[in-house]
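Values in this document were obtained by computation on a predicted structure and should not be read as measured data. Quick note on labels: first sequence line is chain A, next is B, and so on, each numbered from 1.
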Amino acid sequence: MLETLRLRYFQGNQFIKDIENAPMRKQFRGFPVLNPNEDASACEGVCPTGALNLNPLSIDMGKCTFCGACARACKAVEFTNGYKLASTDREKLVVTPDMTYEDYQKTAVEVRDEIHRIFGHSLKLRQVSAAGCNGCEMELNACSNVNFDMGRFGIDFVASPRHADGIVITGPISENMAYALEDCYKSTPDPKIVILCGACAISGGVFQNAGKLNREFLEKYPIDLYIPGCPVHPLTFINAVLSFIKK
Amino acid sequence: MNWIITENNKPINLYDIPCLNINDLRSEIINLDKRVVGFFGQKVSDGVKLFVVMADDSEGKLYVSSAHFASGEKSYESLTQTIPAFHMFEREFFEDFGIEPLHHPWLKPVRDHKKEYPFFEIEGEEIHQVGVGPIHAGVIEPGHFRFMCNGEKVYDLEIRLGYQSRGVEELFISSPSNQLAESVCGDSVIAYNLAYSKAIEALEGIEVSNRAQIIRTIALEMERAAIHIGDLGAIAGDTAYLMGASIFGATRTLVINTMLEICGSRFGRGLITVGGVNYDIDEELSAGMLKTFDKVVKDVKRTTETMLKSPTVISRLERTGVVSQEQAKSLGLVGMAAKASGIGLDTRFDFPDKWYAEFEDKKFKATGDVYSRTRVRYKEIMQSFHIIRKLLAKLPEYKNEPLCVSQNAKSADKFVVSMTEGWRGEVIHTVITDNNGNISRYKIKDPSFNNWYGLAIAVRNNGISDFPLCNKSFNLSYCGNDL
Ligand code: SF4
Ligand code: SF4
């Protein structure tokens, strides 16, 4: 027991105090900025997901894996370490030239009164993993570790959809998960929200042309929040949810 | 000759592979007495070709052969009835090509969900079933677990997978890329991308610089250490040793954030490319890494040793979820789980790799239980940081070498086996090219493909409440299995 307490002493406090302004390492590939004056022709064919469009120049963060191949190939694309990438609007994930990270954040998440009223102080989520790679899942698990400690904001992952206020989907949704996903959604009591987490969930990502997907769910039900990434960084996820449920 | 002998990452001519009739191949396999690492089909114009790759782990050699099934040939005598380690391979081959291994004791679907799954059932007044999943526990990949219990005691567990099946192997034919390789199994980004890149480099006949090779190897060991540390945290969490869960969690963060400093991704995405690496480790970064890893090693050591002295922890780990050496061998378990049961398989040391040559895999006292799998992880964490330290010291020697060399076209009609030891065990990518040098077959075998059945065996006769602990001690991949 004493030794365990000694461990506690050596460890100190690990949590990030100010999540909304947490510093991010400069190497992180976050919000992309595009410079139309640079020649982008060397980027032709490097993008594995079709996120990068050359004519006119744009990057769809809903498809982007943030692999950085385009930025390494030409000067027209540069990645900032901006990690607040989420939007309530699928279309807004498309970044166009001269759009700055600050501009993007101003309009990306539409704040709704009723969302704040119902979920503002407590939001319980059931995560559904549907044919991704376990990368997004590992980062969602990290949201609850001692560093990020998401629970302090009243946001938690729960075991049963019946205890949840919404679901978080990762992965491109395989045929074999389509039924379970819909079942889970139906088992979640109203009112509920749906969050798509990661390039796979939003657009199919690198798996968009895979033969065993079934993405009908996304046409049938409304989506409330899109969180880009591959995988989604814990700071991206927590800030996305916080900005969505705030006043 | 009935076999062609090759090595890891050494391409052979497709048409040099002997092609036998299946009955002859079957007896050859039985007589050869080596370990199966590949058993898969490919559609050819007049039927199906079955390829077999057997490993000689003591010599570091691979034995390859094949058999041809004409269109009308729909069955053969199963190998599983003689060598149980074939059981998953034959099920997969049957599911993909419809050729039935006769007298297979357990011929059930692998990934296909079109048919009702025939669960094994035990009947009796006191017996009850517990079904869990596909959506289960916390934030975790989907799978279905069917327990046959008597009270708390598990008599049998059957695991049904396939929920994560996307059709990855086909994508490697239509649009292969490093990004795709990194996304097959995202907890083994480096291992998968290495297996892919090395296979393609072998087919292109290009030689990666020493500098790039060292950076790759460091990344592979960082991935191993980070996951093992995280899993020690998960094991601590499941034994309600919360101090351990917290500290291991925070310590893992240090390792993956270092990975982010190298390449911009906590899991090493974007680091490795065909031809080398995209990012360097310069002297400043290297010095920072050494400092961070010193702290990591110290914290892991202190925490593990304190944790493993705690009677409440030990009583949960010891004699829980035992897989005997005999079981592990006959079922063909690999990697970390096999080591914990006393079978020392590790492709880093068993197959020639110049960066591992100076290190040896020390003997490990295996007991086959959760405790043993915990100790293996602890041992491997320490070993990985030892290797990393040595390799970082070597980097300056190769300072002037390029990070990445340019690519060639892939040579035509080749067959190459690429094995990388991920943290779970051997990640094997086998690639076949057609007469234009395009990929015509891409076969992936994750260590989980061998080891899921080991988990099912481990929980037999244990309390059902120990299942989560057993599960964490293996931490197998769903997506790597389902593909
Ligand atoms: S970073 Fe995004 S846009 Fe650029 S190549 Fe990768 S996936 Fe495409
Ligand atoms: S978005 Fe990327 S990290 Fe997330 S599940 Fe898909 S491939 Fe994996």
Novice: Relative to chain A, which segment of B:V168 carries a heavy atom at a distance below 4.5 Å: side chain, backbone, both, or neither?
Specialist: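 Side chain of B:V168 only, per the 4.5 Å heavy-atom cut-off to chain A.
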Novice: Are any of the side-chain nitrogens in B:R302 or B:D299 under 4.0 Å away from the carboxylate oxygens of its partner?
Specialist: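 B:D299 and B:R302: salt-bridged.
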Novice: For A:N209, which atoms come within 4.5 Å of any heavy atom of chain B: side chain, backbone, both, or neither?
Specialist: both
Novice: Which atoms of A:A130 are under 4.5 Å from chain B, going by heavy atoms: the side chain, the backbone, both sets, or neither?
Specialist: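 Only the backbone of A:A130 comes within 4.5 Å of chain B.
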Novice: Pick from B:S177, B:G233, B:S183: which one has the most heavy-atom pairs with chain A under 4.5 Å?
Specialist: B:S183
Novice: One thing to verify: whether A:K84 and A:E20 come together as a salt bridge, which I'm taking to mean a side-chain N less than 4.0 angstrom from a carboxylate O.
Specialist: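 No salt bridge links A:E20 with A:K84.
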Novice: Pick whichever of A:D183, A:N141, A:T49, A:T170 has the most heavy-atom pairs under 4.5 Å with chain B.
Specialist: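 Most heavy-atom pairs within the cutoff with chain B belong to A:N141.
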Novice: Quick one: what part of B:R252 sits under 4.5 Å from any heavy atom of chain A, side chain, backbone, both or neither?
Specialist: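 The side chain, not the backbone.
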Novice: A:C200 versus chain B, heavy atoms under 4.5 Å apart: side chain, backbone, both or neither?
Specialist: neither
Novice: Do you know which of B:N257, B:T303, B:V184 has the most heavy-atom pairs under 4.5 Å to chain A?
Specialist: B:N257
Novice: Tell me, out of B:G249, B:G133, B:G162, who's got the most heavy-atom pairs with chain A below 4.5 Å.
Specialist: B:G162
Novice: Which answer fits A:R72, side chain, backbone, both or neither, if we ask what part of it has an atom under 4.5 Å from a heavy atom of chain B?
Specialist: side chain
Novice: Checking B:Q179 against chain A: side chain, backbone, both or neither under 4.5 Å from a heavy atom?
Specialist: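 Both parts, backbone and side chain.
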Novice: Measure up the B:F145 and B:Y478 rings against each other and bin them: parallel (under 30°), tilted (30 to 60°), perpendicular (over 60°).
Specialist: perpendicular
Novice: Hey, which of B:I247, B:L180, B:L260 has the most heavy atom pairs under 4.5 Å with chain A?
Specialist: B:I247
Novice: Is the shortest heavy-atom distance from the side chain of B:R146 to the side chain of B:R160 under 4.5 Å?
Specialist: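 SC-SC contact between B:R146 and B:R160 ruled out.
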Novice: Does the A:R25 side chain pair with the main chain of B:T258, one donor and one acceptor, at a distance under 3.5 Å?
Specialist: no
Novice: Under 4.5 Å heavy-atom distance to chain B, tell me which part of A:V146 shows up: side chain, backbone, both or neither.
Specialist: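 Just the side chain, heavy atoms under 4.5 Å.
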Novice: Counting heavy-atom pairs under 4.5 Å with chain A, which one of B:G167, B:S246, B:G270, B:P142 comes out on top?
Specialist: B:P142
Novice: Quick check on B:F267 against chain A: is it the side chain, the backbone, both or neither that has a heavy atom closer than 4.5 Å?
Specialist: side chain
Novice: Heavy-atom distance under 4.5 Å to chain B: side chain of A:A142, backbone, both or neither?
Specialist: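 When you check distances to chain B, only side chain atoms of A:A142 fall under 4.5 Å.
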Novice: Check this for me, if you would: do A:K124 and A:D156 make a salt bridge, where the nitrogen-to-carboxylate-oxygen distance has to be below 4.0 angstrom?
Specialist: yes
Novice: Indicate yes or no: does B:D187 engage B:R424 in a salt bridge with an N to O separation below 4.0 Å.
Specialist: yes
Novice: To check you understand the geometry: which heavy-atom pair defines the closest contact between A:I173 and A:A178, and what is its length?
Specialist: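 Scanning both residues, the minimum pair turns out to be CG2-CA, 4.3 Å.
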Novice: Determine the option with the most heavy-atom pairs under 4.5 angstrom with chain A, choosing from B:E261, B:R166, B:H113.
Specialist: B:R166
Novice: For B:P447 versus B:V427, what's the shortest heavy-atom pair and its separation?
Specialist: CD-CG2, 3.9 Å
Novice: Parallel, tilted or perpendicular: which describes the rings of B:H429 and B:Y192, with under 30° parallel and over 60° perpendicular?
Specialist: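 It falls in the perpendicular class, over 60°.
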Novice: Any salt bridge linking B:E305 with B:K309? Criterion: basic side-chain nitrogen under 4.0 Å from a carboxylate oxygen.
Specialist: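 No, B:E305 and B:K309 are not salt-bridged.
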Novice: Would you check, one step at a time, whether the test ring-ring contact (aromatic ring centres under 6.0 Å, His included) holds for A:Y83 with A:F28?
Specialist: CA-CA 8 Å; A:Y83 53 80; A:F28 179 76; 7.1 Å; no
Novice: Give the minimum heavy-atom separation between A:P228 and A:L93, together with the two atoms involved.
Specialist: CG-CD2, 3.7 Å
Novice: Can you tell which part of A:F148 gets under 4.5 Å to a heavy atom of chain B, answering side chain, backbone, both or neither?
Specialist: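 Answer is side chain: those atoms of A:F148 sit under 4.5 Å from chain B.
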Novice: Is it the backbone or the side chain of B:I262 that comes under 4.5 Å from a heavy atom of chain A, or both, or neither?
Specialist: neither
Novice: Between B:L483 and chain A, with a heavy-atom cut-off of 4.5 Å, which part of the residue counts as in contact: side chain, backbone, both or neither?
Specialist: neither
Novice: Considering only heavy atoms, which portion of B:A250 lies under 4.5 Å from any heavy atom of chain A: side chain, backbone, both, or neither?
Specialist: both
Novice: Given a strict heavy-atom distance threshold of 4.5 Å, which part of A:F157 is in contact with chain B: side chain, backbone, both, or neither?
Specialist: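 For A:F157, the side chain is the part near chain B, not the backbone.
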